[in-house]
Structures are given as structure tokens and as C-alpha cells.
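Since the structure comes first, as C-alpha cells, the remarks are kept for the end.
The figures here come from the full heavy-atom set of this structure, side chains too, leaving out hydrogens, waters and symmetry mates. Residue numbers count from 1 along this sequence.
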Amino acid sequence: MHRQIAAVSTTVVFLLGIAVQSAVAQRVSELDVIPASVSLASGERKEVLAVAYGSRGDVLTEVAFNWSESDPAVVRVDIDPRAPPGVAYLVGIGPGRATVTIRVGNQRKAVSVQVTGAPVAGAGGTGVATILRIEPSEVYLFPLEDLQLRPVLLKDDGSPAAFSPVTWRSFRADVAEVDRNGKLVGLSAGMGVIEATSAGGLQARIQIQVAIQEWAFALPVVSLSPLESDTVRILVPSQLGRRVEARWFSWRSTNPDVATVSPIGVVTAISAGRAEIIANGFGQESRLPATVHREVTELGVVPRADTVVVPLGGEFTFRATAYAADGSEVTEAPIIWSVGDSTLLGFDPESAKATGEAIGTTTVTVQAHGGLKKTWRVDVVAAGLALDRRRLGISVGESATLHASFADASGTPLAPAREVAWSSSNASVVQVASDGTLTPVRRGRAQVVAGTPWGVADTALVFVQGELLVTSTRSGSADLFALDRDDPGSFSQITDAPSDELSAAYSADGSRIVFATNRDGNFELYVVDADGGNPQRLTSTAVNESEPVWAPDGSQIVYQSDSGGTVQIWRMNADGSGQRQLTDGAANLEPAVSPNGATIAFTSIRDGNYEVYLMDPDGANQRNATNSDAPLHERAPAWRGDSTLVYVREERVGRTATWTVAQQPLLGPVEPLTGPDLVITDFAISSTGDVLAVSVETPGSRGGTSRGLVLIPLTGGGPVEVPRESERDQLVRPAFRP
């Protein structure tokens with residue numbers, strides 16, 4: 001009998017609760033949700049506040065809100081029973097767009113949600129996890145503050161793995177505790193460690209710090225128009241500016257007739273005046289000035305035209321003034337400026353001064369409260385100056401001249417520039433005369449700047465480096481060095497790695513070097529600045545790429561690769577894109593591009609012995625240039641001008657072998673450049689055709705062989721041997737700057 005009475009009582013109470021809620025819901029005449037749109041990263045959690053108003057504008061606090069999400073794979077709604085009424089938390093699950101709908105009575109509001117980033121663990125992953133991480137990886141908390149930890153399960157390639165249950169453990173339960181769902185709560189000041197363990201045995205740990213620290217408002221003041229709202233954010237400066245959720249604070253306004261504040265720090269302007277927003281939390285109170293200015297009804301701007309022209313390097317000042325309905329200026333109303341492309345137009349929002357940075361078209365926009373705004377199209381036009389070269393490599397003892405031109409809006413030179421002032425960022429490396437003539441002083445790099453009296457300038461990056469590249473083993477591994485013929489004992493080290501670097505070649509302007517290296521396991525192609533800086537990988541394959549050479553305009557690189565099983569000639573863009581095979585069949589290797597870029601010479605064994613072949617830059621019109629029979633071999637071609645080939649000529653008759661460097665005009669007779677007394681393994685010829693650098697093999701004092709480098713003048717004078725640090729110092733693969 002008592003159970004029946006209790007059951008009846010419970011039912012009555014339940015029905016009464018429904019009736020009360022229904023009655024309250026019927027009184028709702030307006031529903032407001034702040035904010036109306038939310039952007040989240042996957043795993044991020046943000047607050048949303050729903051407020052129900054009665055017919056007289058009073059806030060109804062007894063309302064039960066109904067929250068629902070359109071796509072749970074994108075966003076999830078969390079309701080914390082400890083949170084104030086109307087507060088919910090949106091949690092990003094996976095990338096995409098979704099809508100969260102809030103209903104009460106006949107009222108309904110929707111929040112637009114955009115989620116970016118990889119899905120949280122368990123959302124869309126497949127396969128067995130091999131990596132476990134905890135996000136966030138560093139945690140700061142106040143005592144009693146909580147945070148949701150997120151396990152991230154990944155495969156070796158970094159893609160999401162299938163979800164696996166995770167257990168959590170706190171190594172300092174007196175500092176912080178963590179529940180089985182990863183909810184972390186700070187308890188007392190100190191350092192702690194949280195550990196996560198997956199069902200598969202993977203483990204991850206993060207360090208946490210619980211401490212009382214000073215917090216601060218993100219902005220120094222809130223300025224609003226009547227009926228506008230803004231969310232106050234609280235940060236901890238000493239903890240990398242982390243944001244603390246507003247729910248941990250109590251909020252109030254010193255003047256609710258001017259501005260009110262919600263339990264999640266949303267300030268709503270009521271009428272013109274001043275107030276202070278007070279937040280209390282974690283033993284600290286702070287006050288934020290709030291100004292509600294008169295409603296802005298007009299925005300006065302200068303200029304009134306829609307298009308503004310700013311010269312490159314010149315300035316232009318915009319003006320904007322906010323006015324009330326009576327025509328008086330609303331000085332306290334914030335004016336917000338923005339620029340479309342800051343690389344084209346520099347802009348100071350305090351002075352509204354714009355500076356032309358680069359030729360092009362962009363926009364400047366000014367906004368005031370009340371939705372008032374003005375957008376100008378801004379054309380940055382040339383007052384232009386352009387140098388004929390932006391990068392340049394030279395050697396000590398050489399000279400070069402940079403030429404400056406006035407340029408149009410597209411940068412096209414119009415006429416030689418006058419009244420140009422020249423300067424060097426490092427005169428101890430390179431000096432520049434009043435006519436743009438460069439005098440290199442020592443090896444290094446410097447920026448040479450040409451400027452006009454009205455502030456327009458252009459810059460060239462100048463590298464002072466040795467004219468001849470060589471691979472040397474003096475540092476323990478095969479590294480790249482540079483030297484000059486006039487001072488062959490002075491080496492500049494370009495690479496310094498435990499790997500081997502070979503087959504180096506200067507770009508046509510001398511500012512870049514491409515080479516082959518096995519630093520990634522197999523030989524791949526890299527490019528660096530002439531002094532070794534700014535390394536960039538060009539190829540990434542499971543096979544070997546080597547013997548790179550530049551096209552004369554610097555836009556392409558020709559090289560050899562064994563990706564098809566035999567070594568073939570390939571071509572690619574200078575950034576590594578657009579890789580294309582040019583030859584096939586029997587092995588083809590050792591490419592060399594003519595100075596005019598019209599012909600590629602290469603070594604081929606398609607006829608049974610090593611021959612020098614020629615082809616067009618696209619691989620067409622392949623033909624034999626040497627036409628010899630075994631036991632004669634021609635290989636490692638180079639160019640002396642656009643119509644003369646130079647190559648290693650090797651002949652073996654029985655046990656007798658001879659090696660010479662020979663030159664041959666196209667379809668002309670062969671002429672030796674060296675005698676048969678040297679065992680030449682490879683060589684380079686200077687761009688002026690007056691010096692050979694040959695790598696010569698000699699017997700080693702302890703058996704084996706040793707390789708040195710000999711400079712052979714072709715216009716008179718005796719050979720010069722490049723000094724080696726020791727017999728172990730092998731000097732190979734020389735290459736002159738074009």
C-alpha cells in the first residue's frame with residue numbers, strides 16, 4: 001500500500017514538473033543565443049548561452065532548453081549540470097559544418113558551427129594504432145578548474161587509427177585527479193603527470209601544473225553601441241596567454257542600466273554611459289571598463305571616391321569619423337580598419353596611414369558600430385625601380401655591374417634609372433660603386449640595394465664564393481668545397497654533413513648549387529645557396545639521382561636517375577616539380593646542357609661502347625656525336641661554347657689504357673687537350689674555355705689509389721696541382737661556375 005502511495009506521489013510530482021515546465025515554456029516570447037556562430041578546432045570546447053525572455057522582456061530562469069546537433073560527427077553538445085541555466089558546451093568532433101538547434105516552447109534558434117582539424121580519436125579512423133598522444137600536450141590549471149583531455153590514436157603515417165579504449169592515471173592525485181573519461185581536475189598547487197594507456201598497451205604522458213596565477217582580461221576596454229554584445233575573454237599571461245573559461249568566474253556589472261553581463265561573460269549594451277564589468281575567480285577580482293556610446297548613424301570618410309592610388313613606397317592617409325543622429329561626433333565609438341593584402345599595402349590603424357609596399361591592387365576597409373562601413377580599392381603603382389639581377393655569384397678578383405631601371409606597374413624596365421643611390425649591407429664582403437659596379441672583398445653574402453630619393457628601392461643578393469666546386473674528403477666525409485684558380489689552396493666549405501655530397505653544379509647566375517647526396521639513404525638531389533645556406537630537397541625516390549646540371553636560364557635541371565631499372569636522363573623544374581624522362585633503352589647518363597640551352601649532350605652505351613650523344617631539350621632528335629668503335633670510349637661530355645664538345649677519351653688495348661680530355665667541334669675532327677700521361681677520371685672546363693680542372697688518379701703510398709685535382713691552362717702556362725690536406729684527401733668531381 002505504501003509503495004502504491006509512493007508511486008502515485010512520484011507520478012504526481014513528475015506530472016506537476018512537466019506542467020510547470022510547459023507553463024514556463026508557454027511564457028517564452030523571445031529566445032536569444034550567444035554567439036550565433038562558432039568556429040572550433042577538433043577537440044576544442046566552447047561555451048554557448050541561451051536566454052529566454054518573457055513578454056515584458058524579463059529573463060525566464062526556470063526554462064528547460066532542448067539542444068540538438070544536426071551532425072554528431074562534426075559537433076557534440078555537452079550539458080554540465082553544474083553550469084548556470086542556459087549554458088551548454090559545444091565540442092568539435094571532426095571537420096565540417098553543422099547546426100546546433102536550441103528549442104523552448106514555440107521558440108527556436110540555430111547556431112552555425114564550423115569545425116576544422118583532424119577528427120578526434122574514434123571519429124573516422126581505421127587500422128591499429130601505433131602512436132598514442134594526449135592533447136593538449138601541456139596543461140595549466142587553477143585549483144578546482146577542470147579540463148577535458150583527449151587521447152589521439154594514430155598510425156605510423158600519422159593518419160587516425162581506429163578507436164581503442166583508454167585508461168587514465170594521475171601520478172600526483174593530491175595535485176590533480178583524472179576520471180575514466182579523461183576529465184582532469186586541479187586540486188592543489190604543484191606539478192603532476194597524467195598517463196594514458198590504450199587497450200593495445202600504448203602509453204603517453206603529459207606534465208600538468210596546478211597553480212594560482214594572475215589572470216587578466218584579453219582587452220583593456222569594451223566599447224559597444226546600444227543592444228550590441230561582446231564576449232569578455234580571460235587569459236593567463238604567465239601561462240602562454242591561455243584562455244580560462246568564463247564559467248569559473250562570477251560576473252556582475254556596476255551599472256546594469258548601461259551594460260549587463262551574462263554568466264559566461266557576454267556583455268550586452270543597454271544604453272549610453274559607462275560601467276565596469278567585474279569578474280571574480282580564483283581569489284582575484286578585476287574590473288573591465290565598459291563604454292556604451294551613442295548610436296552611430298553615419299560614417300564620414302575621406303576620400304569619398306571609391307578608388308585610391310598609392311605610389312610604391314609612397315603614403316596616403318585615410319580618415320573616418322563616426323556621427324550620431326544629431327550630427328555630433330561620437331568620439332568614443334571604435335573605428336576598425338583592415339587591409340586586404342598587407343604584402344601590397346602597409347597600414348597603421350592608429351594613424352590610418354597607408355604605405356605602398358608592392359605593385360598590385362588591394363582594399364582598405366573601415367567599419368563602425370551599427371554595420372556602417374566603407375571599402376576603397378587601392379592601386380599600388382610603380383614609381384618603379386628594378387635591378388637586372390636579383391641574385392648573383394662572383395669570386396674575389398672578379399667584378400660585375402648591376403643595372404637599375406625605372407619600371408612600369410608590371411616591373412618591366414622602361415629606361416635606365418638616374419639618381420640611384422647604391423649601398424651594401426656588408427661592405428667587408430662586397431663593395432658597390434656609384435654606377436652599380438661590385439667589388440668583392442672576401443667570401444660571404446651581402447645585399448646590394450639601389451634606391452631612389454623618393455624611397456623606392458630594389459635589392460640583389462650577392463654571394464662571393466670560389467669559382468670552382470670540388471668534392472673533398474678532408475673533413476671525414478665527401479663534402480662540397482669551393483676554391484679559386486688564383487688561390488687554389490684556400491677552400492670554402494659549403495656542406496658539412498656525415499653523408500656524401502657529389503656532382504655539384506653552379507646555376508647560371510652563380511648564386512645556387514645543385515648536388516647529389518646520400519643523406520636520406522640513397523642519392524637524392526638538393527639545392528643550396530652558393531654559401532651552403534637555405535637547403536632544399538628536390539627529389540624524393542627510392543632510387544638514385546645524380547649528375548645534375550642547370551639549364552642556362554636557371555628554370556630547369558637535367559639529371560640522371562635509375563628509377564626505370566637502367567640509368568636514364570631526366571629533366572625537372574628548378575623547384576623539383578615536373579619530373580620527366582628524356583631517354584630510354586640502354587643506359588644513358590652524364591648530361592651536359594649547351595650554353596645556349598639548345599642541346600643536351602650525354603653519355604650512352606646503346607652502341608656497345610661509351611659514346612657521346614646529343615638531343616634536343618625535350619629528348620627529341622637523339623644522335624651520335626662521336627661515332628667511334630670499341631675499344632675507344634667517349635664519356636662525361638662538357639661544352640666549350642655552343643658548338644664544341646669536350647669529353648674524356650678512354651682507350652684500352654689489352655692491358656694498356658690511356659685517358660685524355662679531348663675537344664671536338666660538332667661533326668669536326670678530334671683534338672686532344674691533355675696528354676696520355678694522366679689517369680683522368682673526370683674534369684671541368686671554365687666558362688671562358690681557358691682552364692681545365694682534371695681529377696687525376698695516382699697510386700697511393702699504402703696501396704690503392706689516390707685522387708687529386710690539377711688545373712691545366714689551355715692558353716699557356718704549366719699545370720698547377722691543388723693542395724690536399726693529406727693523401728686521404730680525395731679531390732673529385734670539379735665544376736666551374738658558368
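N588 places no side-chain N or O within donor-acceptor distance of the main-chain N or O of Q568, the cut-off being under 3.5 Å. A distance-only check finds a donor-acceptor pair linking the side chain of T681 to the backbone of S695 [under 3.5 Å]. Side-chain atoms of T362 come within 3.5 Å of backbone N or O of D341 as a donor-acceptor pair. Panel note: side chain R389, backbone T401; a donor-acceptor pair is recorded below 3.5 Å. Proximity of a side-chain donor or acceptor of N518 to a complementary backbone N or O of S499 within less than 3.5 Å is not detected. Between the side chain of D479 and the backbone N or O of A497 there is at least one donor-acceptor pair closer than 3.5 Å. Although no hydrogens or angles enter the test, the distance criterion places a donor-acceptor pair under 3.5 Å between the side chain of Q560 and the main chain of E590. S686 contributes a side-chain N or O that, together with a main-chain N or O of V691, makes up a donor-acceptor pair within less than 3.5 Å. Of the possible polar contacts, none joining the S424 side chain to the V432 backbone as a donor-acceptor pair under 3.5 Å is found. At distances below 3.5 Å, not a single donor-acceptor pair connects side-chain atoms of T644 with backbone N or O atoms of P665.
Within 6.0 Å of CZ on R728 lie no more than 12 heavy atoms contributed by other residues, nucleotides or ligands. Few gaps surround CD on Q581; more than 12 heavy atoms of other groups in view lie less than 6.0 Å from it. At most 12 non-hydrogen atoms from other residues, nucleotides or ligands lie less than 6.0 angstrom from CD of E138.
Tested against Y526, the residues D520, T495, T517 include a single side chain to side chain donor-acceptor pair (under 3.5 Å) partner, D520. Applying side-chain contact (heavy atoms from CB on, under 4.5 Å) to D458 and the options L387, V449, V420, L402 leaves one that passes, L387.
The pair D690-R640 does not count as a salt bridge, with every side-chain nitrogen at least 4.0 angstrom from each carboxylate oxygen. At a threshold of 4.0 Å, the pair D348-K353 does not count as salt-bridged, since none of the basic side-chain nitrogens sits closer than that to a carboxylate oxygen. Here D306 pairs with K374 in a salt bridge; the nearest charged N to carboxylate O distance falls below 4.0 Å. Ion pair R571/D618 not flagged as a salt bridge, since none of the NZ, NE, NH1 or NH2 atoms sits closer than 4.0 Å to an Asp/Glu carboxylate oxygen. A salt bridge links E398 with R737: at least one charged nitrogen is closer than 4.0 Å to a carboxylate oxygen. Looking at D729 and R724, no side-chain N of the basic residue comes within less than 4.0 Å of a carboxylate O on the acidic one, giving no salt bridge.
A donor-acceptor pair shorter than 3.5 Å cannot be found between the side chains of Q465 and D531. Defined by atom type and a distance below 3.5 Å, a donor-acceptor pair is missing between the side-chain atoms of R707 and Q730. Between the side chains of S428 and R442, at least one donor N or O lies within less than 3.5 Å of an accepting N or O. Side chains of S561 and E545: a donor on one and an acceptor on the other come within 3.5 Å. Looking only at atom types and distance, the side chain of S39 has no donor-acceptor partner in the side chain of Q114 under 3.5 Å away. Q431 and T439 share no donor-acceptor pair across their side chains, judged by distance under 3.5 Å alone. T471 and R733 form no side-chain donor-acceptor contact under 3.5 Å, judged by distance and modelled atom types alone. T541 and S563 are not linked by any side-chain donor-acceptor pair at a separation below 3.5 angstrom, with hydrogens and angles left out of the test.
Here CG of N573 is found 5.0 Å from CD of Q556. Values are rounded to the nearest 0.5 Å. Separating the CZ atom in R445 from the OG atom in S511 is a distance of 9.5 Å, to the nearest 0.5 Å. The distance from atom CD1 of I600 to atom CG of N621, rounded to the nearest 0.5 Å, is 12.0 Å. In this structure, the separation between CE on M572 and OH on Y559 is 5.0 Å, given to the nearest 0.5 Å. Here the OG atom belonging to S643 is positioned 6.0 Å from the CG atom belonging to L666, to the nearest 0.5 angstrom.
Residues in residues 498-516 take part in these salt bridge (Lys or Arg N to Asp or Glu O under 4.0 Å) pairs, two or more places apart or across chains: E501-R519.
Using a 4.5 Å heavy-atom threshold, the side chains of V380 and L345 count as touching. Side-chain contact between T321 and V302 is absent, with no heavy atoms from C-beta onward closer than 4.5 Å. Under the 4.5 Å side-chain criterion, counting only non-hydrogen atoms from C-beta, L645 is not in contact with Q663. Residues F316 and T355 are not in side-chain contact: their nearest non-hydrogen atoms beyond the backbone lie 4.5 Å or more apart. Inter-residue side-chain proximity for W550 and V527 is flagged as met; some heavy-atom pair is nearer than 4.5 Å.
When all heavy atoms are compared, the tightest approach of T603 to A636 is OG1-N, 3.1 Å. When every heavy atom of R635 is checked against every heavy atom of V612, the shortest pair comes out as N-CG2, 4.3 Å.
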Verify side chain to side chain contact (heavy atoms under 4.5 Å, CB included) between V378 and T363, making sure each step is shown before the conclusion.
CA-CA 5 Å; V378 181; T363 58; 6.0 Å; no
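For W422, the ring-ring contact (aromatic ring centres under 6.0 Å, His included) test picks out no residue, with sequence neighbours left out.
Between W376 and W337, the ring-plane angle classifies as parallel under the 30° and 60° cut-offs.
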